[in-house]
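Labels below follow one simple rule: chain letters A, B, ... track the order of the sequence lines, proteins then strands, and each chain is numbered from 1.
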Number of protein chains: 2
Amino acid sequence: MIINDRMKTILNAVVHLYITTAEPVSSEMIVCYYGLPVSSATVRHDLLVLEKLGFLKKPHTSAGRLPTDKGYRFYVDKLMEKNINSLSEEEKEEIIEQYKIGRDFNEIMIITSKLISRLTNNLGLVLAPNMVRDTLKDIHFIALDNQRLLVTLITNSGLFFQKIMKVNCDISEENLETISQIIKKEFYGKNLEMVNEEMLKKIYQYSFEYQALESIWNLIENCFDFTVDNTKVFLGNRSYILKQPEFKEIEKLNYLFDFIEEEENLVKIIKRSILKKQIDIIIGSELGQEIMQNCSVITRQYLIKGKPRGAIGVLGPTRMDYSKSISVLEFIANRLSEILPE
Amino acid sequence: MIINDRMKTILNAVVHLYITTAEPVSSEMIVCYYGLPVSSATVRHDLLVLEKLGFLKKPHTSAGRLPTDKGYRFYVDKLMEKNINSLSEEEKEEIIEQYKIGRDFNEIMIITSKLISRLTNNLGLVLAPNMVRDTLKDIHFIALDNQRLLVTLITNSGLFFQKIMKVNCDISEENLETISQIIKKEFYGKNLEMVNEEMLKKIYQYSFEYQALESIWNLIENCFDFTVDNTKVFLGNRSYILKQPEFKEIEKLNYLFDFIEEEENLVKIIKRSILKKQIDIIIGSELGQEIMQNCSVITRQYLIKGKPRGAIGVLGPTRMDYSKSISVLEFIANRLSEILPE
DNA sequence: ATTAGCACTCTAAGATAGAGAGTGCTAATT
DNA sequence: AATTAGCACTCTCTATCTTAGAGTGCTAAT
């Protein structure tokens, strides 16, 4: 069986109509809305073939048809117009507007996830940049008060990482200076992961040399016991996806929320797309999660200093508007890559 | 009509049973579970009185009874045992454990909101400390790369506030030092709100004196155009409240989410409790929000350096476990006040 | 003041029936 | 060989009805 052009048109029609109406699509509907020069009976014949090929399915014998995951896949790969201009001028302006104000890093992630939610009517996702492969460039100690230090670690890509360090003794600026000198000398240009691992050894080594610093070294030891791989996912507004008809049964919603609020689940899905240059679309069962069978995730890398460092995404029902979502992600990822250090 | 002791017991019983079963409570149930030395007919008589007084209501004629907002209010004010020990040892340990690691500020807020969600089975809320009344203590510029500066503003209470400043020209350390000296000199000890307002004037004043710094002043102008009153609400996991039977209809859930994801709504509710020394309980219609009529919010201030600066809270259906929620909030607020600078 | 007894009310759940949507097949047509 | 009109068939969805059961409120007796 070969898929001819008309069948492609029909498949495309089913996907489109199903995406917009959320109802199984009948042969009549297709003829009506797409003005095909054939009768509904002919369309029905083609539908039958498309179903046999696994692109479509019926919820029950006397219902219209809707795309299978394979159907969506074909649509996304072969049929969908990659029309980046499906964003209106207003929407583009809205996005640009959001990034004008000089925000701090966390805020940018939050804003972005909410923006994606609003524009796609689904759940926006942002995977914060991962610093595992970054190298140490600088370290600063700032006294917040006489008991707490703010330690700021700056990496080669201009990202930073902060911890608050509790000190129970007075620490002179001089000592801090010595320490930051030592750390810089020992670890400058070294991989953060290595810094993490070797800090302990160095602490012991130097604690002989600078006995006065011993107590501080202990603090630093705790302070640097950080998991560099602190991949963080920011979720946008949930209120939009809540309104999607596929979640009108509370039970499905429960499964969805249990899944998405377990951070690792999403990290696993999004992470793999950081290094992909193209939009990454994962449809339904491709997610490999029983619970998420009727959801799709679309992701897009973003760059920092020209290098892929994180990703943004949309999570919605498989019946989501792929074209629109892609446009939104492309546009926002590009903005983000501009905003974040080039 | 006077409420005698038996009636109080009965009201208490209705609240308890309704909280645990989520079903209207019958006279029989009360006798059965509370071993009252009277018959169900007598209980029915009292129930009638309690209903006439407005403490109870029936969903329909032949159903059991459940508390009205007034009923919950009476329960909360007069009947409920304020038993802080309703937390198990394990739960306490779990809380303490969470705060052992030296986390950054944002993380603490996130962790806390999630912790509250999990322990109360409802939605945890955290209102980040407000810095409007803080005064400037210190300012630091850290170069992230040759195009961006991390500006850290430290306040008298040891809180800090950060912005990223984009610079399109090289700025010498010397110049930065001069600027931070000037800012410290002019604004040290001054209210942040005032700093915000007067920065502009000062910039013009000094731009005559130090013409070399002009371009930097412009940047700082943008940088300090911050709303100090950036009250931020952190929401914990939604998955728990989703499972409450009052939200089994998707429509109600939609209303709820539309409300809670509009940050100002929650800020308005929580803000007022920052200065209250006691647990603050707002029941149903007391929230003054049509949409939130069947929800309650419980809040508790937390301290920084002994002063009330923010609040944590729980949002759940009016049929929530007030006693448990209060215990959770008390305990966490105390931990938080210890963790954050004393 | 309390209680047993009972009629009454309302809901929740199950059963039944009919309308309507949409299909798949067949036979006729182009 | 492809297309189409016609139609029987299937399944869902909605409405209506019925019944069981839970729980009340009232009355009269204790």
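Taking atom CZ on B:Arg44 and atom P on D:dA22, their separation rounds to 14 Å, with Å as the unit. Residue A:Asp5 contributes atom CG, which lies 15 Å from atom P of D:dA2 at whole-angstrom precision. With rounding to whole Å, A:Asp46 atom CG is found 11 Å from D:dA2 atom P. Between the NE2 atom of B:His45 and the P atom of D:dC26 there is a distance of 11 Å, rounded to whole Å. One can place CE of A:Met29 at 8 Å from P of C:dG22, the figure rounded to the nearest angstrom. Note: CG (B:Asn4) to C1' (C:dT2) measures 13 Å, nearest angstrom. Atom P of nucleotide D:dG23 and atom CG of B:Leu47 are separated by 12 Å, given to the nearest angstrom. When the C1' atom of D:dT24 is taken as reference, atom CD1 of B:Ile30 falls 13 Å away, rounded to whole Å.
Residues of residues 11-26 of chain B that place a heavy atom closer than 4.0 Å to DNA chain D, in numerical order, are B:Val25, B:Ser26. Within residues 54-61 of chain A, the residues that have a heavy atom under 4.0 Å from DNA chain C are, in order of number, A:Lys58, A:Thr61.
Here A:Ile30 contributes atom CD1 and A:His16 contributes atom NE2; the two are 13.0 Å apart, rounded to the nearest 0.5 Å. B:Phe257 contributes atom CZ, which lies 6.0 Å from atom CZ of B:Arg238 (distance to the nearest 0.5 angstrom).
Between the B:Ser27 side chain and the B:Arg44 main chain, no donor and acceptor come within less than 3.5 Å of each other. Between the side chain of A:Glu286 and the backbone N or O of A:Ile283 there is at least one donor-acceptor pair closer than 3.5 Å. Here the side chain of A:Thr318 pairs no donor or acceptor atom with the backbone of A:Cys295 at under 3.5 angstrom.
The phosphate of D:dT3 (OP1 or OP2) has a side-chain N or O of A:Arg6 nearer than 4.0 angstrom. For the OP1/OP2 pair of C:dC10 and a distance below 4.0 Å, the side-chain nitrogens and oxygens of B:Ser62 include no atom meeting the criterion.
For A:Arg65, the listed nucleotide lying nearest its side chain is C:dG24; candidates were C:dG22, C:dG24, D:dG23. Distance from the side chain of B:Thr42 is smallest for C:dT3 among the nucleotides D:dT3, C:dT3, D:dG25.
For A:Tyr255, the OH atom sits in a loose shell: 12 or fewer heavy atoms of surrounding residues, nucleotides or ligands are nearer than 6.0 Å. Annotation: B:Gln289, atom CD; neighbour count of heavy atoms from other residues, nucleotides and ligands within 6.0 Å is above 12. Atom NZ of B:Lys276 has more than 12 neighbouring heavy atoms from other residues, nucleotides or ligands inside a 6.0 Å radius.
For B:Ser327 and B:Ser86, the side-chain atoms include at least one donor-acceptor pair closer than 3.5 Å. Of the N and O atoms on the side chains of A:Asn121 and A:Gln244, not one donor lies less than 3.5 Å from an acceptor on the other residue. A donor and an acceptor atom, one from each side chain of A:Ser296 and A:Tyr322, are located under 3.5 Å apart. At a cut-off of 3.5 Å, with distance as the only test, no side-chain donor of B:Ser285 or B:Gln293 sits close to an acceptor on the other residue.
Contact annotation for B:Ser27: backbone-only contact, meaning every heavy-atom pair under 4.0 Å involves sugar-phosphate atoms and none involves a base.
Remark: DNA chain D forms stems of 3 or more consecutive Watson-Crick or G-U wobble pairs, all pair distances under 3.5 Å, at C:1-30 with D:1-30.
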